[in-house]
Engineer: 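Quick one: this structure, given as C-alpha cells, is what I'll be asking you about.
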Amino acid sequence: MSIKEHVISLPRRVFIGYNIIENISIYFSQLGLKFPYLIVTGEKFTKNIAKKIMENLPKDSSYEVVEISNATLDEVYKVEEIVKKINPKVLLGVGGGKVIDVAKYVSFRNNLEFISIPTAPSHDGITSPFASIKGLSRPVSVKAKEPLAIIADIEILSSAPRRLINAGIGDTIGKIIAVRDWKLAAKLRGEYYGDYTASLAIMSAKHAFQCTKIINKDIKYGTSMLMEALISSGVAMGMAGSTRPASGSEHLFAHAVELLHPEGVLHGELVGLGTIMMAYLHGLNWRKIRNRLKKIGFPVKAKKLGLPDEVVIKALTIAHTIRPERYTILGDRGLTWNSAEKVARITEIID
Ligand SMILES: NC(=O)C1=CN([C@@H]2O[C@H](COP(=O)(O)OP(=O)(O)OC[C@H]3O[C@@H](n4cnc5c(N)ncnc54)[C@H](OP(=O)(O)O)[C@@H]3O)[C@@H](O)[C@H]2O)C=CC1
Ligand SMILES: O=C(CO)COP(=O)(O)O
Ligand SMILES: [Zn+2]
C-alpha cells in the first residue's frame with residue numbers, strides 16, 4: 001500500500017522565559033548558528049525591541065537590519081534584495097505577525113534558517129510553517145519555513161499593548177470553530193480528520209479561554225499561558241501540514257473583512273468576532289464566548305473597531321468564496337444578506 005507523503009514541520013527548540021533575550025548568544029551557540037544574520041523587523045514599534053536583540057547578539061558577529069511595513073510581496077522582494085547582497089545564514093523575525101510572516105516566507109524561498117522572535121502574543125503564526133502574504137493569489141496563508149527556534153521573552157510579550165494580547169486570545173479561541181468545521185467536513189465530505197491535531201488545537205483554545213480568567217489579574221502569568229496556547233496551535237498546524245486545525249469559518253470571515261476593509265483592525269480581533277458569530281451557527285454557547293471576551297476588554301462590537309455594519313454583513317456573505325475547498329458551516333452557498341444580517345444582529349456584533 002502506498003502512503004501519500006506527509007511532512008511534519010516543527011521547531012527544534014523553544015526558549016521561553018523572563019528577560020531571556022540577554023541569553024541570545026548562548027542560544028545561538030547551542031543551535032550552532034552561523035552569521036551574517038538578517039534581522040527583519042517592523043517600522044514603528046518593534047524596531048526598538050530589535051535593537052535590544054542586536055545588543056545581545058554573539059560578539060564579533062555581523063548582521064543587517066531591514067524594516068518592513070506590511071506583509072506584502074513587495075516587502076518580501078525588498079528583504080530578498082538584502083539576502084542577495086549579504087548572503088545571510090539565518091533570518092531573525094523580530095515583530096508582530098506581519099514581520100514574522102515575511103521573515104518565514106523569505107526563509108522558505110531562499111532555504112535559510114529562520115528564528116522567530118515575537119514581540120506580541122497576538123497571533124499563532126509564531127510557530128506555524130505558514131505565512132499570510134498580501135499580493136499572492138489568495139488572502140489565506142501559504143507554505144513557509146518552520147522556525148528552527150522560537151525565542152519568547154515574556155517580559156517583552158507581556159509589555160505589548162493590551163489590544164495585541166487580546167487579539168492573540170481571539171485568534172486562539174477561534175480554534176473551537178475551526179475544529180467543529182473540520183469535523184463537519186469529515187462527516188459531510190469525507191475529508192480526512194486528524195484527531196490528534198484537532199485535539200491539540202482545541203486544547204489551545206481551552207487554554208486561551210482559561211487565560212481570560214487570569215489575564216486581568218496577572219498579565220505576566222496570563223501572557224505565558226497564552227504563549228503556550230499560541231505555540232501549541234502552531235504545532236498543530238505543523239503536524240497537520242495545513243492550517244485546517246486552526247482556521248475555519250471564523251477565519252474566512254476575518255479574511256473577508258480584511259479584503260473589504262484592509263486597515264486598522266487586528267487579525268485576532270476579526271477572528272474573535274467571527275468566532276462569536278460562527279459559534280451561534282454551530283449551536284454553541286456563543287454568549288459564554290462573547291462574555292469572556294468582553295470581560296478582558298476585547299472589542300465584541302464591530303462599531304468599536306470602526307467597522308461599518310455593511311462590511312460585517314458583506315463579509316459574512318462572501319466568506320465561503322475565499323477558500324472553497326475547505327468546507328465549513330457556511331456551506332457551498334454561504335449566507336444570504338438577510339441571514340448574515342440576522343446572525344450579526346442576534347450575536348450583537350452589530351446593533
Ligand atoms: N502564518 C500564520 O500561521 C498566521 C499569520 N497571521 C498573520 O499575522 C498578522 C497579524 O499579526 P499582528 O501581530 O496582529 O499584527 P501586526 O504584525 O500588523 O502588528 C500590529 C502592530 O503591533 C505592533 N507591535 C508588535 N509588537 C509590539 C510591541 N511589543 N509593542 C508595541 N507595538 C507592537 C506592530 O509594530 P510595527 O509597526 O513596528 O510592526 C504593528 O504596528 C496578519 O497578517 C495575519 O494574517 C496570523 C495568524 C497565523
Ligand atoms: O491565521 C491563521 C491561523 O490562526 C492561518 O489561517 P489561514 O490559513 O486561514 O490564513
Ligand atoms: Zn489566525
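Numbering of ligands and ligand atoms starts at 1, following listing order. It should be emphasised that the depicted structure is a prediction, and the values quoted were computed from it without experimental measurement.
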Engineer: Scan side-chain atoms only and decide if Ser232 and Ser204 contain a donor-acceptor pair under the 3.5 Å cut-off.
Structural biologist: yes
Engineer: Going by the order shown, which atoms of ligand 2 are within less than 4.0 Å of some heavy atom of Arg323?
Structural biologist: 7 (P), 8 (O), 9 (O)
Engineer: Would the Tyr37 and Phe28 ring centres measure less than 6.0 Å apart?
Structural biologist: yes
Engineer: I'd like to check atom 40 (C) of ligand 1 in this structure: does the protein have a heavy atom lying under 4.0 Å from it?
Structural biologist: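 Given the 4.0 Å cut-off, atom 40 (C) of ligand 1 does not count as touching protein heavy atoms.
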Engineer: Give the atom numbers and elements of ligand 1 that come within less than 4.0 Å of a heavy atom of Glu43.
Structural biologist: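 It comes down to these atoms of ligand 1: 38 (O).
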Engineer: Can you name the atoms of ligand 1, numbered from 1 with element, that are less than 4.0 Å from a heavy atom of Thr119?
Structural biologist: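 Listed by number with element: 25 (C), 26 (N), 27 (C), 28 (C), 29 (N).
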Engineer: Going by the atom numbers of ligand 1, which of them fall below 4.0 Å from some non-hydrogen atom of Thr46?
Structural biologist: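 Taking each heavy atom of Thr46 in turn, ligand 1 has 24 (N), 25 (C), 26 (N), 27 (C), 35 (O), 36 (P), 38 (O), 39 (O) under 4.0 Å.
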Engineer: Give the residue and atom name of whichever protein heavy atom lies nearest to atom 37 (O) of ligand 1, and the separation in Å to one decimal.
Structural biologist: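 Nearest protein contact, heavy atoms only, for atom 37 (O) of ligand 1 is Lys44 CB, 3.4 Å.
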Engineer: With heavy atoms of Val140 as the reference, note each atom of ligand 2 found under 4.0 Å away.
Structural biologist: 10 (O)
Engineer: Show the atoms of ligand 2 that are less than 4.0 angstrom away from any heavy atom in His255.
Structural biologist: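 Reading through ligand 2 atom by atom, the close ones are 7 (P), 9 (O), 10 (O).
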Engineer: Within less than 4.0 angstrom of ligand 2, does His123 place any heavy atom?
Structural biologist: no
Engineer: Using heavy atoms and a threshold below 4.0 Å, how should the contact between Glu258 and ligand 2 be classified: side chain, backbone, both, or neither?
Structural biologist: neither
Engineer: Decide yes or no for Lys34 and Ser61: does some side-chain heavy atom of the first lie under 4.5 Å from some side-chain heavy atom of the second?
Structural biologist: no
Engineer: For Lys78, does the NZ atom sit with more than 12 other heavy atoms under 6.0 Å from it, leaving out its own atoms?
Structural biologist: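 Above 12, so yes.
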Engineer: Decide whether the shortest distance between a heavy atom of Gly268 and an atom of ligand 1 is less than 4.0 Å.
Structural biologist: no
Engineer: In ligand 1, which numbered atoms sit nearer than 4.0 Å to a non-hydrogen atom of Ser122?
Structural biologist: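 Those of ligand 1 that fall under 4.0 Å from Ser122 are 12 (P), 13 (O), 14 (O).
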Engineer: Does the cation-pi check pass for Lys145 over Tyr105, that is, NZ or CZ under 6.0 Å from the six-membered ring centre and within 45° of its axis?
Structural biologist: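 Not satisfied by the 6.0 Å and 45° rule.
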Engineer: Provide the number and element of each atom of ligand 2 under 4.0 Å from a heavy atom of Ser132.
Structural biologist: 10 (O)
Engineer: Tell me, which protein residue and heavy-atom name are nearest atom 7 (C) of ligand 1, and how many Å apart are they?
Structural biologist: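 Its nearest protein heavy-atom neighbour is Asp101 OD2, 3.4 Å.
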Engineer: Would you say the side-chain atoms of Asn285 and Arg290 include a donor-acceptor pair closer than 3.5 Å?
Structural biologist: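 No.
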Engineer: Just jot down the ligand 2 atoms closer than 4.0 angstrom to any heavy atom of Asp171, in number order.
Structural biologist: 4 (O)
Engineer: Minimum distance, heavy atoms only, to atom 18 (O) of ligand 1: which one of Glu67, His267, Lys134, Lys98 is it?
Structural biologist: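 Among Glu67, His267, Lys134, Lys98, the closest heavy atom to atom 18 (O) of ligand 1 comes from Lys98.
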Engineer: Flag the pair Ile219 / Arg162 as yes when at least one side-chain heavy-atom distance between them is below 4.5 Å, and no otherwise.
Structural biologist: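 In contact.
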Engineer: Atoms of ligand 1 less than 4.0 Å from Leu266 heavy atoms?
Structural biologist: 14 (O), 20 (C)
Engineer: At a 4.0 Å threshold, what atoms of ligand 1 neighbour a non-hydrogen atom of Phe130?
Structural biologist: 1 (N), 2 (C), 3 (O)
Engineer: Please report the interatomic distance CG(Leu284) to CD1(Ile176), rounded to the nearest 0.5 Å.
Structural biologist: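 Answer for the CG-CD1 pair, Leu284 versus Ile176, is 7.5 Å.
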Engineer: Does the side chain of Leu200 reach to within under 4.5 Å of the side chain of Met203, using non-hydrogen atoms?
Structural biologist: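 Yes - at least one pair of side-chain heavy atoms lies under 4.5 Å apart.
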Engineer: Rounded to the nearest 0.5 Å, what's the gap from CD on Glu146 to CD on Glu113? Could you check?
Structural biologist: 8.0 Å
Engineer: When only distance counts, is Arg326 in polar contact with ligand 2, meaning an N/O pair under 3.5 Å?
Structural biologist: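 No, Arg326 has no N/O under 3.5 Å of an N/O on ligand 2.
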Engineer: Would you say the side chain of Tyr18 lies within less than 4.5 Å of the side chain of Lys220, judging by non-hydrogen atoms?
Structural biologist: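 Side-chain contact under 4.5 Å: yes.
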Engineer: Would you mind telling me which of Arg180, Met277, Met278 makes a side chain to side chain contact (heavy atoms under 4.5 Å, CB included) with Ser249?
Structural biologist: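 Answer to the side chain to side chain contact (heavy atoms under 4.5 Å, CB included) test with Ser249 among Arg180, Met277, Met278: Met278.
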Engineer: Which atoms of ligand 1 have any heavy atom of Gly96 under 4.0 Å away?
Structural biologist: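 Those of ligand 1 that fall under 4.0 Å from Gly96 are 13 (O), 17 (O).
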Engineer: So, Ser128 versus Lys104: side-chain donor-acceptor pair below 3.5 Å or not?
Structural biologist: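 Side-chain D/A pair, Ser128 to Lys104: present.
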Engineer: Relative to ligand 2, is Ser141 under 4.0 angstrom through side chain, backbone, both or neither, heavy atoms considered?
Structural biologist: both
Engineer: Using every non-hydrogen atom in the two residues, find where Thr46 and Gly96 come nearest and quote the distance to one decimal.
Structural biologist: CG2-N, 4.3 Å
Engineer: Report the nearest protein non-hydrogen atom to atom 32 (N) of ligand 1: residue, atom name, distance rounded to 0.1 Å.
Structural biologist: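 I find the closest protein heavy atom is Phe45 CB, 3.3 Å.
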Engineer: Regarding atom 22 (O) of ligand 1: of the candidates Thr243, Leu164, Leu270, Ile133, which has the closest heavy atom?
Structural biologist: Leu164
Engineer: Measuring from Ile68:CD1 to Asp74:CG, what's the distance to the nearest 0.5 Å?
Structural biologist: 11.5 Å
Engineer: When you check the side-chain N and O atoms of Asp332 and His320, is any donor under 3.5 Å from an acceptor?
Structural biologist: no
Engineer: Go through ligand 2 atom by atom and flag the ones less than 4.0 Å from a non-hydrogen atom of His267.
Structural biologist: 1 (O)
Engineer: Side-chain contact test, heavy atoms from C-beta onward, threshold under 4.5 Å: evaluate it for His251 versus Arg326 and give yes or no.
Structural biologist: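 Heavy-atom side-chain distance check fails, nothing below 4.5 Å.
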Engineer: Can you count the protein N/O/S atoms lying under 2.8 Å from the Zn ion (ligand 3), leaving waters out?
Structural biologist: 3
Engineer: With a 4.0 Å heavy-atom cut-off (strictly under), which part of Val271 contacts ligand 2: side chain, backbone, both or neither?
Structural biologist: neither
Engineer: Can a side-chain donor-acceptor contact be found between Thr328 and Asp181 if the only test is distance below 3.5 angstrom?
Structural biologist: no
Engineer: Which heavy atom of the protein is the closest neighbour of atom 2 (C) of ligand 2, given with residue, atom name and distance?
Structural biologist: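 Looking at atom 2 (C) of ligand 2, the protein heavy atom closest to it is His251 NE2, 3.4 Å.
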Engineer: Within the structure, is a non-hydrogen atom of Ala131 found at a distance of less than 4.0 Å from ligand 1?
Structural biologist: yes
Engineer: Among protein heavy atoms, which lies nearest atom 4 (O) of ligand 2, and at what distance?
Structural biologist: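 The answer is Asp124 OD1, 2.6 Å.
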Engineer: Going by the order shown, which atoms of ligand 1 are within less than 4.0 Å of some heavy atom of His123?
Structural biologist: 13 (O), 46 (C), 47 (C)
Engineer: I want to confirm something. Looking only at heavy atoms, which of Pro161, Ala160, Ser128 is nearest to atom 31 (C) of ligand 1?
Structural biologist: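 Residue with the shortest heavy-atom distance to the ligand atom: Pro161.
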